[in-house]
Chemist: 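Quick one: this structure, given as structure tokens, is what I'll be asking you about.
Numbers restart at 1 for each chain; the letters A, B, ... are given by sequence-line order, proteins then strands. Keep in mind the model is a prediction, meaning the values are calculated, not measured.
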Protein chains: 2
Amino acid sequence: MKELTKQQSKVLACVEVYLNKTGFPPTRAEICKELGFKSPNAAEMHLRALEKKGYITIQSGSSRGISVVRSQQSFEQSGDQIPVIGLVAAGSPTLAEENVEKRIPCDPNMFSDNFDYFLKVKGLSMIEAGIHEDDLVAIKKTSDVKNGDLVVVRLEDEVTLKYFKQTNHSLELIPANKDFSTIEIDLREQEAFIEGKSVGLIRTH
Amino acid sequence: MKELTKQQSKVLACVEVYLNKTGFPPTRAEICKELGFKSPNAAEMHLRALEKKGYITIQSGSSRGISVVRSQQSFEQSGDQIPVIGLVAAGSPTLAEENVEKRIPCDPNMFSDNFDYFLKVKGLSMIEAGIHEDDLVAIKKTSDVKNGDLVVVRLEDEVTLKYFKQTNHSLELIPANKDFSTIEIDLREQEAFIEGKSVGLIRTH
DNA sequence: AATTATACTGTATATTTTTACAGTATATAA
DNA sequence: TTATATACTGTAAAAATATACAGTATAATT
């Protein structure tokens with residue numbers, strides 16, 4: 001997906017907010033009014049650019065004929081179909097279509113903090129925390145984590161779900177199963193990517 | 001909510017389908033084309049009726065200024081605010097307002113089976129099934145349960161969440177914690193109300 | 001120094017769209 | 001029988017809207 005300029009981003013946000021508020025897209029003139037432009041052509045140009053970059057489609061000749069194809073803040077707010085990503089041993093959990101096992105209709109604000117996707121749990125390393133195989137852990141993409149948080153960490157090509165504990169250069173990834181041992185990493189020697197943290201869990205009975 | 005005439009219902013469905021397909025509402029002329037009317041006024045009249053009955057709002061003077069307020073089908077799928085009921089020792093879990101601890105925005109179809117409310121778990125009797133205190137168990141109201149299902153049962157004034165097992169006149173309510181013992185009931189002597197069964201679980205981290 | 005991309009103003013016009021008004025037809029209720 | 005509600009056709013005008021064209025200005029590349 002191509003990057004948006006600041007102004008294009010503003011226009012897209014404006015369209016999304018308007019849609020959210022009224023249920024139908026804005027006209028060029030309304031976008032101008034909202035963003036302070038004085039010519040409808042200003043909005044027109046930005047819309048054309050957004051169309052060219054694949055964020056919206058414009059139905060030519062139709063009033064308000066704007067469809068938002070890809071929201072810029074994406075699925076985070078639209079409360080619809082949240083993707084489920086398999087916790088595979090290799091590679092980072094990305095939202096690329098090929099990694100999406102399925103989608104679940106639910107609201108990303110159902111937990112205290114909103115979240116971006118579900119991670120399907122493999123293995124028993126967190127079972128004493130009541131996290132079973134095939135449970136779906138709701139992950140918020142962030143690198144802002146605290147000690148004690150349940151986090152998704154990528155070490156080289158391996159992705160794991162563990163409790164987080166960091167002291168100076170030492171990172172500990174702590175399981176909740178006495179048969180597993182804590183992973184200790186010296187951050188001066190090895191990189192660790194924090195993909196996100198868990199804000200909740202769901203399980204189908 | 002007032003009842004719709006057949007034609008009004010058709011027009012509302014047409015608007016919803018169009019919105020779903022294009023992302024913006026139809027014009028009067030487009031509704032006519034879709035439903036075979038020959039005058040834009042036909043659509044206009046139906047829209048005005050729909051507005052008067054509270055199904056849509058029309059922004060006067062705006063093209064395509066239609067907002068669907070209440071979708072005609074399915075208030076069940078609109079994935080909104082699911083009540084959370086505390087698992088209190090006394091009384092049946094009802095959806096009466098005074099028993100609703102809070103509401104969670106989510107879709108009742110997020111699990112394999114749809115459900116009616118969340119029950120907040122008290123105690124540790126199911127901990128070996130990975131069900132912790134304060135977990136929210138999604139309950140579908142039904143008395144159609146099988147052995148092995150996780151069910152909500154009311155015994156006199158006590159409500160409990162346990163595994164279900166019935167043989168003839170004997171009902172066993174089985175915990176998932178070796179420190180708790182199975183509740184055995186002779187149904188000829190004592191009544192047991194099956195309030196529903198669990199179809200899923202959520203937990204906030 | 002010239003080119004290109006971004007970001008607009010300002011104007012104009014063809015087209016789309018809303019919306020009012022004048023009718024017709026039919027079934028149901030008073 | 002006379003209203004009254006539903007369900008349209010047909011027309012037309014005013015208003016809303018998309019969209020093309022002609023410019024201006026500025027910062028970043030080449």
Side-chain angles (χ1 to χ4, degrees), chain A residues 1-69 72, chain B residues 1-69 72:
Chain A
M1 181 63 50
K2 274 179 186 158
E3 285 297 313
L4 296 183
T5 67
K6 263 188 185 173
Q7 291 303 84
Q8 286 162 9
S9 182
K10 266 192 195 173
V11 171
L12 180 53
C14 173
V15 171
E16 294 188 68
V17 166
Y18 191 101
L19 250 169
N20 217 308
K21 213 167 54 183
T22 67
F24 46 90
T27 64
R28 275 63 167 168
E30 284 161 349
I31 294 171
C32 289
K33 197 180 163 194
E34 194 64 36
L35 299 180
F37 304 154
K38 285 176 186 165
S39 165
N41 197 44
E44 178 75 19
M45 300 293 268
H46 289 309
L47 290 175
R48 293 287 168 205
L50 286 168
E51 188 184 33
K52 202 164 276 176
K53 291 184 179 178
Y55 283 79
I56 64 172
T57 60
I58 298 173
Q59 189 156 118
S60 170
S62 288
S63 66
R64 303 175 187 272
I66 304 169
S67 273
V68 176
V69 177
Q72 55 181 349
Chain B
M1 182 64 50
K2 275 180 186 154
E3 286 298 313
L4 296 183
T5 68
K6 264 188 184 174
Q7 291 303 85
Q8 287 162 7
S9 182
K10 267 192 192 173
V11 170
L12 180 53
C14 174
V15 171
E16 293 188 70
V17 166
Y18 191 102
L19 251 169
N20 216 308
K21 213 167 56 183
T22 67
F24 46 90
T27 63
R28 276 62 166 170
E30 284 161 350
I31 294 171
C32 289
K33 198 182 163 192
E34 194 64 37
L35 299 181
F37 304 154
K38 285 175 185 166
S39 164
N41 196 44
E44 178 75 20
M45 299 293 269
H46 290 309
L47 290 175
R48 294 285 169 207
L50 285 167
E51 190 185 31
K52 201 164 278 176
K53 291 184 179 178
Y55 283 80
I56 64 174
T57 60
I58 299 174
Q59 188 154 120
S60 169
S62 288
S63 66
R64 302 176 187 274
I66 303 169
S67 274
V68 177
V69 177
Q72 58 179 346

Chemist: Closer than 4.0 Å, any side-chain N/O of A:Ser62 to the OP1 or OP2 of D:dT17?
Modeler: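 A:Ser62 to D:dT17 OP1/OP2: no side-chain N or O under 4.0 Å.
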Chemist: Here's a test of your reading of the structure: between A:Gly61 and B:Gln7, which maps to the more 5' nucleotide of DNA chain D?
Modeler: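 Result of the comparison: B:Gln7.
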Chemist: Any side-chain N or O of B:His46 less than 4.0 Å from the OP1 or OP2 oxygen of D:dT6?
Modeler: no
Chemist: Any side-chain N or O of A:Ser60 under 4.0 Å from OP1/OP2 of D:dT19?
Modeler: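 Result: yes.
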Chemist: B:Glu51 has an atom CD; how far is it from atom P of C:dT18, in whole Å?
Modeler: 13 Å
Chemist: Do B:Asn41 and C:dT19 share a donor-acceptor pair, side chain to base, under 3.5 Å?
Modeler: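 For B:Asn41, whose side chain was compared with the base of C:dT19, there is no donor-acceptor pair (under 3.5 Å).
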Chemist: Would you mind telling me which of D:dT17, C:dT17, C:dT9 lies closest to the side-chain atoms of A:Lys38?
Modeler: C:dT9
Chemist: NA contact type, B:Glu44, heavy-atom cut-off 4.0 Å: base, sugar-phosphate, or nothing?
Modeler: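 Base contact.
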Chemist: Between A:Arg28 and D:dT17, is there a contact of a side-chain N or O with OP1 or OP2 at under 4.0 Å?
Modeler: no
Chemist: Whole-Å distance between C:dT18 P and B:Ile56 CD1?
Modeler: 11 Å
Chemist: Does B:Tyr18 form a side chain to side chain donor-acceptor pair (under 3.5 Å) with B:Glu34? I'd like the steps, not just the answer.
Modeler: CA-CA 10 Å; B:Tyr18 191 102; B:Glu34 194 64 37; over 6 Å; no
Chemist: Could you check which of C:dA7, D:dG10, C:dT18 has an atom nearest any side-chain atom of A:Gln8?
Modeler: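 So the nucleotide nearest the side chain must be C:dA7.
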Chemist: C:dT19 P sits how many Å from B:Glu30 CD, rounded?
Modeler: 15 Å
Chemist: Quick one: are A:Glu16 and A:Leu19 in side-chain contact, heavy atoms under 4.5 Å?
Modeler: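 No, side chains not in contact.
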Chemist: Which atom pairs, one a donor and one an acceptor, fall under 3.5 Å between side chains of residues 36-46 of chain B and the rest of the protein, sequence neighbours left out?
Modeler:
from, atom 1, to, atom 2, distance (Å)
B:Ser39, OG, B:Asn41, N, 3.1
B:Glu44, OE1, B:Arg28, NE, 2.7
B:Glu44, OE1, B:Arg28, NH2, 3.4
B:Glu44, OE2, B:Arg48, NE, 2.8
B:Glu44, OE2, B:Arg48, NH2, 2.8

Chemist: When you check the phosphate oxygens OP1 and OP2 of C:dT17, does a side-chain N or O of A:Ser63 lie under 4.0 Å from one of them?
Modeler: yes
Chemist: Please report the distance, rounded to the nearest Å, between CG in B:Leu35 and C1' in D:dA7.
Modeler: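 Going from B:Leu35 (CG) to D:dA7 (C1'), I get 13 Å.
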Chemist: Once you round it to whole Å, what is the distance between P of C:dT17 and CD of A:Gln59?
Modeler: 9 Å
Chemist: From C-beta outward on A:Ala42, which listed nucleotide comes closest to its side chain: D:dT9, C:dC8, D:dA18?
Modeler: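 My answer, after comparing the listed nucleotides, is C:dC8.
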Chemist: Quickly work out the B:Arg64 CZ to D:dA15 C1' distance and round it to whole Å.
Modeler: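 Rounded to whole Å, this separation is 16 Å.
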Chemist: A:Ser62 versus B:Arg64: any side-chain heavy-atom pair under 4.5 Å?
Modeler: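 They are in side-chain contact.
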Chemist: What is the distance, rounded to the nearest whole Å, between atom NZ of A:Lys6 and atom P of D:dT26?
Modeler: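 One finds 19 Å between P of D:dT26 and NZ of A:Lys6, rounded.
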Chemist: How long is the line joining CG of B:Leu50 and P of D:dA7, in whole Å?
Modeler: 11 Å
Chemist: Name the residue from B:Ile56, B:Leu4, B:Leu47 that meets the side-chain contact (heavy atoms from CB on, under 4.5 Å) definition with B:Val11.
Modeler: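 With B:Val11 as partner, side-chain contact (heavy atoms from CB on, under 4.5 Å) holds for just one option, B:Leu47.
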Chemist: Counting side-chain heavy atoms from C-beta on, which of D:dT9, C:dT18, C:dT11 comes nearest to B:Phe37?
Modeler: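 Taking heavy atoms from C-beta onward, the closest nucleotide is D:dT9.
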